[in-house]
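First the structure, in the form of structure tokens, and then the observations on it.
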Amino acid sequence: MQHQSPYPMVSVDEAQRLITAQVTPIGVEEVDILRESADGRVLAEDVYGVEPLPDMPKAAVDGYAVRSTDGDAPRRVVAEVTAGSTPGLRVEAGTAVRIMTGAPIPEGADAVIMAEQTEEYDGDLIVQRPPRAGENIHTVGQDIAAGQLVLARGTTLGAAEIGLLATVGRGRAKVYRRPVVAVLATGDEVYEPDGKVFPGGVRDSNRYALMAAAREAGCLALSLGIARDDVHVQRAAILEALDRADVLLTSGGVSMGTRDLIKPLLAELGTVYFGRIAFKPGKPMTFATIERPASAWSSPLLAFGLPGYPVSSLVSFEVFVRPALRRLQGDAHPERPRVRVMLRDPLQPPPDRPEYQRVIVSWEEGRLVAHSTGRQGSSRLLSMLGANALLVVPPGTAVYPAGAELEALLTGPLAPPDMIMR
Ligand code: AMP
Ligand code: MG
């Protein structure tokens, strides 16, 4: 019996490069940002402002529109303009117009004095000091110039971006389609979490965790259920993904056991780019593409064979799958940010391959500090709990002392200090 993997060991960088080379952004669709939720979608076009904003000079505060050349002399208040009223008034020398925030500046006026810095008696305005020319006036195009690029293709839409689309009059916008990610669990020992589990069985956490991770990455998740360790059952499930999804994630069945069938199946149905990575946790992760018969899907199925251990499967997803899912959606910044963090506790590196350890990073006394989430076993899902970063630990023999600095991938917001257990 052959106990050597036929797949050469590739580095993390090489694996990422091989995946990226197969990923091209998927189709584009139009979304009605006024009536549908567009949050989290990635913009597929550059968006420009058409008119300047503001389109005419406007009052920045409530007060009086005046001529600065009148200095600190009293003025006669001749009219009032409110926001939304049409321009047309004129401020002559020695006069003022009462004006509200957002109202157009009357002709002749070149300053607005804040109401708080004035007094008005029987239509006579007393000012505390001479106004400066231009004071409290929003000039044309001050916020957005005519024709200015306001949002670039590849931007992920959040509150500010949706506000900007509305500001420039774009009720509809082109966004990338959400990739459909099918998730298949494998294993004779794997059971639905809410049913009976036979002795020795495990509940299927991977499928549900991976579906949630895919949704968090902006995709639509589709469950393909649990496939027994049977080549016909697993082949049928993979073929189903060809019809129904952009991406297939499988869990389990990629190790060296006699019932690990995913790698040979992917090789039979498509092209395997790698089947082993110098990476912990998740060495047996496999990546393949499968061509489809002419179908609605434009590009080949991207298939990721993720390891069965829950931590391995989620960490492999984070390091290899998530960037690919973001690239598929045209995200201009598909990678997580990398930061340098200080180790709170000493750490033993793995001897032979880089390890991505789960840590909680917080801002303490002017630096980013990484706290371990405890034992890092690949079956201990609790080691993912609360983690907002993956610490990249290069292989070696020497212990990293507390206070040493390493790189980390930030996978979530910095932890508030009260989250750190001391
Ligand atoms: P495998 O890679 O198929 O040998 O699986 C390795 C180990 O991962 C198994 O022994 C199970 O304990 C665990 N495992 C496999 N699939 C799942 C799953 N869907 N959910 C939770 N644990 C799993
Ligand atoms: Mg298995």
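These numbers come from a predicted model, not from an experiment.
F287 places none of its side-chain heavy atoms less than 4.5 Å from the side chain of V272. The closest side-chain heavy-atom distance from I99 to I105 is below 4.5 Å. Counting only heavy atoms from C-beta outward, the side chains of I290 and L242 approach each other to under 4.5 Å.
Ring-centre distance between F279 and Y356: below the 6.0 Å cut-off.
Salt bridge annotation for R178-E29: absent, with no cationic side-chain nitrogen under 4.0 angstrom from a carboxylate oxygen. A salt bridge links R340 with E405: the closest approach of a Lys/Arg side-chain nitrogen to an acidic carboxylate oxygen falls below 4.0 angstrom. Look at R326 and E335 and you find no salt bridge, because none of the NZ, NE, NH1 or NH2 atoms lies under 4.0 Å from a carboxylate O. Taking a cutoff of 4.0 Å between a charged side-chain nitrogen and a carboxylate oxygen, R177 and D246 qualify as a salt bridge. A salt bridge is defined here as a Lys NZ or Arg NE, NH1 or NH2 lying under 4.0 Å from an Asp or Glu carboxylate O, and D229 with R259 fails to meet this definition. Remark: E36 does not engage R41 in a salt bridge, criterion side-chain N to carboxylate O under 4.0 Å.
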Would you sort out whether T156 and Q329 count as a side-chain contact (heavy atoms from CB on, under 4.5 Å), showing the intermediate values?
CA-CA 10 Å; T156 301; Q329 292 166 78; over 6 Å; no
Begin from the C-alpha positions of E135 and R129 and carry the test salt bridge (charged side-chain N to carboxylate O under 4.0 Å, His left out) through to its verdict.
CA-CA 12 Å; E135 182 172 340; R129 58 169 178 81; 2.6 Å; yes
Could you go step by step and tell me if L306 and N206 meet the side-chain contact (heavy atoms from CB on, under 4.5 Å) rule?
CA-CA 10 Å; L306 301 175; N206 289 351; over 6 Å; no
Verdict with reasoning, Y273 to T286, per side-chain hydrogen bond (donor to acceptor under 3.5 Å, both in side chains)
CA-CA 8 Å; Y273 296 85; T286 302; over 6 Å; no
Go through the steps to decide whether V181 and L249 satisfy the test side-chain contact (heavy atoms from CB on, under 4.5 Å), and finish with yes or no.
CA-CA 7 Å; V181 177; L249 309 181; 3.7 Å; yes
Determine, stepwise, if the pair E192 / Y208 fulfils side-chain hydrogen bond (donor to acceptor under 3.5 Å, both in side chains).
CA-CA 10 Å; E192 275 297 347; Y208 295 100; 2.7 Å; yes
Assess whether side-chain hydrogen bond (donor to acceptor under 3.5 Å, both in side chains) is satisfied between R358 and T373, documenting all intermediate values.
CA-CA 6 Å; R358 281 71 70 205; T373 54; 5.3 Å; no
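Listed for the Q348 side chain is a donor-acceptor partner under 3.5 Å among the backbone atoms of T397. Under a 3.5 Å cut-off, the side chain of D188 and the backbone N or O of R228 do not form any donor-acceptor pair. E318 contributes no side-chain N or O that, together with a main-chain N or O of V315, makes up a donor-acceptor pair within less than 3.5 Å. In this structure, Q117 contributes its side chain and I113 its backbone to no donor-acceptor pair below 3.5 Å. A donor-acceptor pair is defined here as one N or O able to donate and one able to accept, closer than 3.5 Å; such a pair exists between the side chain of R380 and the backbone of R375. Looking only at distances, a side-chain donor or acceptor of K263 sits under 3.5 Å from a matching main-chain atom of G275. For the pair D260 (side chain) and S255 (backbone), a donor-acceptor distance under 3.5 Å is present. With hydrogens and angles disregarded, no donor-acceptor distance shorter than 3.5 Å links the side chain of S85 to the backbone of V81. Between the side chain of S316 and the main chain of S312, a donor-acceptor pair closer than 3.5 Å is present. Looking at S313, its side chain never comes within 3.5 Å of a backbone N or O of G308 through a donor-acceptor pair.
Classified by interplanar angle (parallel below 30°, tilted 30° to 60°, perpendicular above 60°), the ring pair Y191/F198 is tilted.
In this structure, the separation between CZ on R207 and OG on S223 is 4.0 Å, given to the nearest 0.5 Å.
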Review item, side-chain donor-acceptor pairs of residues 45-53, under 3.5 Å, at least two apart:
unit_1, atom_1, unit_2, atom_2, d
E45, OE1, R170, NH2, 3.3
E45, OE2, R170, NH2, 2.6
E45, OE2, K174, N, 2.8
D46, OD1, R153, N, 2.8

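In terms of heavy atoms, D331 sits closest to G154 at OD1-O, 3.7 Å. Nearest heavy-atom pair across A245 and L301 is O-CD1, 3.5 Å. Annotation for M256 and Q4: closest pair CE-C, 3.8 Å, computed over non-hydrogen atoms.
D62 and T101 share a donor-acceptor pair across their side chains, judged by distance under 3.5 Å alone. Counting only N and O atoms by type, the side chains of S68 and D110 include a donor and acceptor under 3.5 Å apart.
The number of heavy atoms from other shown groups lying within 6.0 Å of CZ (R90) is above 12. Within a 6.0 Å radius of CZ in F274, more than 12 heavy atoms belonging to other residues, nucleotides or ligands are found. Annotation for Q128: atom CD counts as buried by contact number, over 12 foreign heavy atoms lying within 6.0 Å.
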